[in-house]
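Have a look at the structure below, then the notes.
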Amino acid sequence: MAQERMQLSREREAYFPLMQQGVSATKACQTVGSGSKTARRQHNLGKVLGVRDVVNNQTGGAGYQICRGYNGTNCGDVNRLVTTISYDMTPVNSVVLVK
């Protein structure tokens, strides 16, 4: 799991500068060597404040990370449990879905 998180971190470090340069999500994913679904795995949660319940209803052992920054930055540990967790959201958050 730690190796998977390191790989995601390396992909993000290379991916987001390309996006800021105006490269398409698909082309950025191809450039950094990740699947074209990478851009769709990160979901920004702007203006979601206060304590919220986060539910992992994915199947097949898939998980998620709650992140304290946009675009999957400053993320916590991967949670693969099918459960509800209360999380205190800040003004800038995102969720990363993990296979």
Side-chain angles (χ1 to χ4, degrees):
M1 211 171 349
Q3 185 175 2
E4 178 180 279
R5 199 163 63 203
M6 285 180 59
Q7 175 64 26
L8 280 173
S9 180
R10 283 192 299 270
E11 287 176 4
R12 286 186 202 122
E13 286 175 13
Y15 175 85
F16 291 109
L18 292 171
M19 293 295 293
Q20 290 172 343
Q21 294 171 18
V23 175
S24 73
T26 301
K27 184 65 176 170
C29 289
Q30 291 169 347
T31 301
V32 302
S34 67
S36 61
K37 294 183 180 180
T38 297
R40 288 177 271 178
R41 287 189 286 183
Q42 299 154 0
H43 303 277
N44 292 329
L45 304 173
K47 300 180 184 176
V48 177
L49 299 171
V51 177
R52 302 294 179 118
D53 288 338
V54 178
V55 180
N56 183 19
N57 60 0
Q58 301 179 95
T59 60
Y64 67 92
Q65 293 174 281
I66 300 288
C67 308
R68 292 262 182 215
Y70 278 147
N71 301 319
T73 57
N74 195 17
C75 298
D77 293 333
V78 173
N79 182 359
R80 295 184 185 280
L81 301 175
V82 178
T83 186
T84 301
I85 295 176
S86 294
Y87 189 80
D88 191 11
M89 298 290 187
T90 64
V92 177
N93 297 283
S94 58
V95 174
V96 176
L97 304 179
V98 180
K99 290 183 178 183

Exercise for the section: Would you please name every residue forming a side chain to side chain donor-acceptor pair (under 3.5 Å) with Asn74, sequence neighbours left out? Expected result: none
Practice task
Would you indicate whether the side-chain heavy atoms of Val98 and Gln58 approach each other to under 4.5 Å?
Solution key: no
Practice task
Could you tell me whether the side chain of Asn56 and the main chain of Leu81 form a donor-acceptor pair under 3.5 Å?
Solution key: yes
Handout entry: Main-chain N/O of Gly76 paired with Gln65 side-chain donor or acceptor, under 3.5 Å
Key = yes
Only distances under 3.5 Å count here; give the side-chain donor-acceptor pairs of residues 84-92 to other protein atoms, sequence neighbours excluded, each with its distance to 0.1 Å.
| from | atom 1 | to | atom 2 | distance (Å) |
| --- | --- | --- | --- | --- |
| Ser86 | OG | Asp53 | OD1 | 2.8 |
| Tyr87 | OH | Arg68 | NE | 3.4 |
| Thr90 | OG1 | Val92 | O | 2.9 |
| Thr90 | OG1 | Asn93 | OD1 | 3.2 |
| Thr90 | OG1 | Asn93 | ND2 | 3.3 |

Exercise for the section: Give a yes or no on whether the backbone of Ser94 and the side-chain of Asn44 come within a donor-acceptor separation of less than 3.5 Å. Expected result: no
Completion exercise
The reported gap from CD1 in Ile66 to CG in Asn79 (rounded to nearest 0.5 angstrom) is 8.5 Å
Problem - Heavy-atom closest contact (Val96 atom, Gly72 atom, distance) - result: CG2-CA, 3.5 Å
